[in-house]
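Everything quoted here is computed from the prediction, not taken from an experiment. No hydrogens, no waters, no symmetry mates; every other heavy atom, side chains included, goes into these values. Residue numbering restarts at 1 for every chain, and letters A, B, ... go by the order of the sequence lines.
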Protein chains: 2
Amino acid sequence: MAGDRGGTGGSEGMAVPRAAKTQRRTRIQEEKEERILDAALEVFSSSGFRGATIDQIAEAAGMSKPNLLYYFRTKEAIYRTLLESMLFTWLEPLKAIKAEGDPESEIRSYIRRKLEMSRDFPRESRLFANEMLQGAPHIEDDLTGPLKALVDEKAEVIRSWIKAGKIARCDPHHLIFAIWATTQHYADFDVQVCAVLGEKRSGEGRFEDAARFLEQLFFEGLRTKQA
Amino acid sequence: MAGDRGGTGGSEGMAVPRAAKTQRRTRIQEEKEERILDAALEVFSSSGFRGATIDQIAEAAGMSKPNLLYYFRTKEAIYRTLLESMLFTWLEPLKAIKAEGDPESEIRSYIRRKLEMSRDFPRESRLFANEMLQGAPHIEDDLTGPLKALVDEKAEVIRSWIKAGKIARCDPHHLIFAIWATTQHYADFDVQVCAVLGEKRSGEGRFEDAARFLEQLFFEGLRTKQA
DNA sequence: GTATGTTTTTACCAACCGGTCAAATTATCA
DNA sequence: TGATAATTTGACCGGTTGGTAAAAACATAC
């Protein structure tokens, strides 16, 4: 508990090499820690916390288990580090919603951004999904705290747009859920999506198709225009 | 491989008590197997296959591990049984879509049914989600086989509705994905939904709100009617 | 070179895990 | 009642798991 930490400023037992008397953080430390976190993301995101093993992570990171444990003291420490940094970037798109912007294009680009995250960071999405499925034991506080606060804030923004008649009357919270669900689905259920679309349509182009569809869904709905 | 099976007609090593010479399936067998499957659903759905342990399941089922293994020979056997029976009921709502029906009300009741499943069988939904996150190692064949076939068939139905001008032009597959995503979200991400909605709105009434919102989303979209 | 600090490896441990086995217990029925 | 079959239990096994201890290997500064 005492003395100097690594510097990343995180929770207990995390990324604190045994000794750090001369320098705060060497090049090699950062590099190795990054490799570990990358490997851990791979393993945790597909097996969940309980299902993942340190050995798997160590092997994926190309080092021995004790060597890995030299950088992160416990399995939990790796997991928490991963979750924390993920949660932050994960909420960026939502934070980016501006009350002063044009409602329709704000929502449109929010959807687009979230979809891009599913395309570019599917492992992060699956890590989060796994944590949710397990009942969010590691991030309960974040959910009811900062996350809820942020969502409530943005829900209020949406509500103001509704009041101004800029978008249709609807429940803002459920709108946000729907955006989360539809976009993250392409990362979390990727196997299913690819299996169902078949070989021809499951290439990277599926994200274009998805974007087109979601844009239409959220703004036009399914009803035909002519009566 | 030889001889008589239990009767549930499943895959290898499943629900085959050591001896079955007089009767095919006793009352006590069915009852115990049900208790095991219920407990297993609880554990698997929140920890995934790898993360779950036989001991956990046995304890949740109120019996010793060897006793549990008397009814199901392996952990995998329990899991497969669970997945199989789940997949079947899980696709019922999709199967129920009738090409001859009114497009809008067919889709509407499909959404409603799926949402009801999330409300009434959240564990089954999470089990499925967990399997997907792990890359669907146990049901790959089902995905590319029967499931794809069914989805393709219903996608064709939707396409015919579009051609007939009954619903707006859109990609049927992605429409189905969107329905899956939005409805299952309320089961899979239940913790998050409840945390974000807060204590007041996270009661059972949230499914009513969700139903109302989704109905609007899918048919009206967010655009206001007056220009 | 040596001294000092950092990183990696080898060997190891106790707890846990999936699963087996044989014996003990309980139900069934003549 | 005893005989027979179904169920349950306790002891156990080899492999895995999260994690430790100590020493070896490596880097660096002097």
*Spacing of CG belonging to L87(A) relative to CD belonging to E92(A), to within rounding of 0.5 Å*: 11.5 Å

_E42(A): which of R126(A), R123(A), R35(A) passes salt bridge (charged side-chain N to carboxylate O under 4.0 Å, His left out)_ = R123(A)

*Looking at CZ of F213(A) and NE2 of H173(B), how far apart are the two atoms once the value is rounded to the nearest 0.5 Å?*
12.0 Å

*Figure out the OH/C1' separation between Y71(A) and dT9(C), and round it to whole Å.*
13 Å

*Between Q29(A) and dT6(C), is there a side-chain N or O to OP1/OP2 distance below 4.0 Å?*
no

_Output the rounded distance in Å from CG (L69(A)) to C1' (dT10(C))._
15 Å

*Got more than 12 heavy atoms from elsewhere within 6.0 Å of CZ, F207(A)?*
yes

*Do F88(B) and K95(B) come close enough that some side-chain heavy atom pair is under 4.5 Å?*
yes

_Nearest whole Å is fine: how far is dC17(C) C1' from I57(B) CD1?_
12 Å

*Find the distance between CD (E116(A)) and OG1 (T183(A)) and round it off to the nearest 0.5 Å.*
11.0 Å

*What is the distance from CZ of F72(A) to C1' of dG18(D), rounded to the nearest Å?*
16 Å

*Between protein and nucleotides 9-17 of chain D, map the contacts as a letter string: B base, S sugar-phosphate only, - none, heavy atoms under 4.0 Å, written 5' to 3'.*
BB------S

*Once you round it to whole Å, what is the distance between P of dG19(C) and CZ of R73(B)?*
12 Å

*Nearest-Å distance, CD1 (I36(B)) to C1' (dT7(D))?*
12 Å

